[in-house]
Structure formats: C-alpha cells, structure tokens
There are 2 protein chains.
Amino acid sequence: MEHLSEKECKSAGMAVRDTLETISGKWKLLLLLTFYKGGRRRFRELVKELNISPRVLSKELQELEMHKLVSRTVCDTRPVTVEYDITPYCKTLAPVISAMKEWGEQHRAEILGKKNTSENGGE
Amino acid sequence: MEHLSEKECKSAGMAVRDTLETISGKWKLLLLLTFYKGGRRRFRELVKELNISPRVLSKELQELEMHKLVSRTVCDTRPVTVEYDITPYCKTLAPVISAMKEWGEQHRAEILGKKNTSENGGE
DNA sequence: CATGTCAGTATCCTTTTTGTAACCGGTTAC
DNA sequence: GTAACCGGTTACAAAAAGGATACTGACATG
C-alpha cells in the first residue's frame, strides 16, 4: 500500500469504518471471545457470566447476528432455550483481529515502555 | 492463530481493544486520511476543511498526538501557527488499516450482495 | 485603540450509548 | 393458582460523545 488517490482514500476509509463499526461497542469483542473460547451460550448464561443487562445483551447480539458473526439457535426444549455462538464466517475476521492484536501489543510497548527510564506514572 | 487459551484470550482482547480505541471516534480516521493524502494542516484549516468544531478537533488531535500518530509543530511565524501531520510511526498502523479495509470490502459484499436471489423482505 | 488572524478553551446543549429495573408471555413444578 | 425459569422488551436514567458558539490571549494592521 503505497500512496492512495483521493478516490481510493474515500472508499478505503468507508471500508475501514464499516469494519470498525462492526466490532466497536463495549461488548462485541468480549462476546465473540467468550464464544470463541467457551462455545455457545444461552441468553441468561451470558447475562450472568458477563454481568451485562439483558437489554444491552439483546441489542449487541442482534447486531452481531445482523453481521453474520453470531448465530442464534432456538432449541426445542421445554422452557425454550436459545443458544448463541460464533459463526464460521466470523473466522474471516481473524486477519483483522490478528493485526489489531499485534499492533496493540507493540503500541503498548511503544507508549508505556519508552516513556522515560526514570519517570513513571502507571496505575 | 489456532485456538487461544483463556489467558491468551484476555491479553489478546486487551490489545485488540487498545487498537480499537486508538482509532475509534468520529474523526480520527478522517484526520489521519486527510493528512495522509494532503499533508500537514493548520488548526483552522482543519476546522474549515472538515467542518469540525474546534472543541472536538482539539480533543481528537490531542488524543492522536498522545498515541504518537500525529505530530504537532508550532511554527515561528507571526500569528503563531501550528501544524499537524501524521508521524512516521503512524505507518505502523498500515497492516491494521489494510486488514480492516479488506474485510470491510468483503463484508459489504457478503451482507449486501447475497441477501437472496428470490426471498426478499426489503423495506 | 478597534479590528482581524491564529490556536485553543469554556460553556452550554443534543445525540448516542450504556445501564437499571420492572415487566410480558410462555413453560414447568408445586 | 403461585412461584420460578426462560428469552426478551419497555420505560427511564446516567454517562459519554459530539456539536455550536462565544471567548481568551497573543500578535498584527491600520
């Protein structure tokens, strides 16, 4: 990626922004990671496990579902239960997540590591 | 990146979140792109060009500067002017932006392109 | 000194996001 | 029926993000 033209910039910006919006939000990443590491979950399970309000959870899951990153399965049990999980399509995000993880780690080092050998705030 | 352990997940999530927060916000991407394609700008120039309020611009630039993505240079002119530009370090973001651009484009096709050839709700 | 430019801040306001809590309709258990 | 669990929504509150606008302080022009 050398230098982009005006037009390329705009469309690239749009695509990047789309991606950004898809995974932005306080809970989306955490939800994906939760499914990723622990498999599918029911609605109430998520509420308790993550300590998220049902209202917000419902909204986040709907958005993830809209973007095909999460599947919603109604199980034919009495007290009908609903299971959520990541989709295979979600794997297409891997390069993005991976790049962000790399940069985030490197960046943390850049920002925190080189502040000054003496000076120190931290929390 | 195959399957991550509990611990790996948490730290990866943190790094990803850091990256996300660094470039989230209504103007950050646009600012970076603006510098990228048109070079450095003065404060007022940005206000007019992007139609952003000085209050918000100031905040966004400060945040970008904190993250070393943007440089702030006070020019020794009368009416002192201040020039902002992307830093060389900003280039380290390229893989992230690139991955997000790719996915954003592919995802747009996935969501909009394949709704269904027959079925259709539409609005 | 009044007027204008510059970078940036202070004050106030609107919109968006997130959270709290009560609740609905359905089912099971008593 | 009453209570409990399920998925989920509704109505409301709090907080964060974004925005409009006036203003400060520095310098310059006339």
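Numbers restart at 1 for each chain; the letters A, B, ... are given by sequence-line order, proteins then strands. Because the structure is a prediction, the values reported are computed rather than measured.
Residue contacts for A:Gln62: at a heavy-atom cut-off of 4.0 Å it reaches the sugar-phosphate backbone alone, with no base atom in range. Within the nucleic acid shown, A:Arg78 comes within 4.0 Å of sugar-phosphate atoms alone, with no base atom in reach, counting heavy atoms only. B:Val80 comes within 4.0 angstrom of sugar-phosphate atoms only, judged by non-hydrogen atoms across all strands, and of no base. The residue A:Val56 sits close to a base: some heavy atom pair falls under 4.0 Å.
Comparing C:dT20, D:dG7, D:dT21 against the side chain of B:Ser53 picks out D:dT21 as the nearest. Distance from the side chain of B:Lys48 is smallest for C:dC6 among the nucleotides C:dT9, C:dC6, C:dA7.
Not one side-chain nitrogen or oxygen of A:Trp27 sits closer than 4.0 Å to the OP1 or OP2 atom of C:dT17. Between C:dT18 and A:Lys59, a contact under 4.0 Å exists linking OP1 or OP2 to a side-chain N or O. The side chain of B:Lys26 places an N or O atom within less than 4.0 Å of a non-bridging phosphate oxygen (OP1 or OP2) of D:dG19. Residue B:Thr81 has no polar side-chain atom (N or O) positioned under 4.0 Å from OP1 or OP2 of C:dC6.
Taking the six-membered ring where the residue is Trp, B:Phe43 and B:Tyr84 present tilted rings, their angle falling between 30° and 60°.
Nearer the 5' end of DNA chain C, as judged by each residue's closest nucleotide, is the contact made by A:Ser24, out of A:Pro79 and A:Ser24.
Summarising the geometry, the separation between CG on B:Leu20 and P on D:dA17 is reported as 13 Å, rounded to the nearest angstrom. Atom CZ of A:Arg42 and atom P of D:dG8 are 12 Å apart (whole Å).
Taking 3.5 Å as the limit, the base of C:dT18 and the side chain of A:Arg55 contain a donor-acceptor pair of atoms between them.
By the 4.5 Å heavy-atom criterion applied to side chains, B:Leu32 and B:Val70 are counted as neighbours. You'll find the side chain of B:Leu61 reaches within 4.5 Å of the side chain of B:Leu46, heavy atoms only. Side-chain contact between A:Ile86 and A:Leu31 is absent, with no heavy-atom pair separated by less than 4.5 Å.
No donor-acceptor pair under 3.5 Å is formed between the side chain of B:Ser58 and the backbone N or O of B:Pro54.
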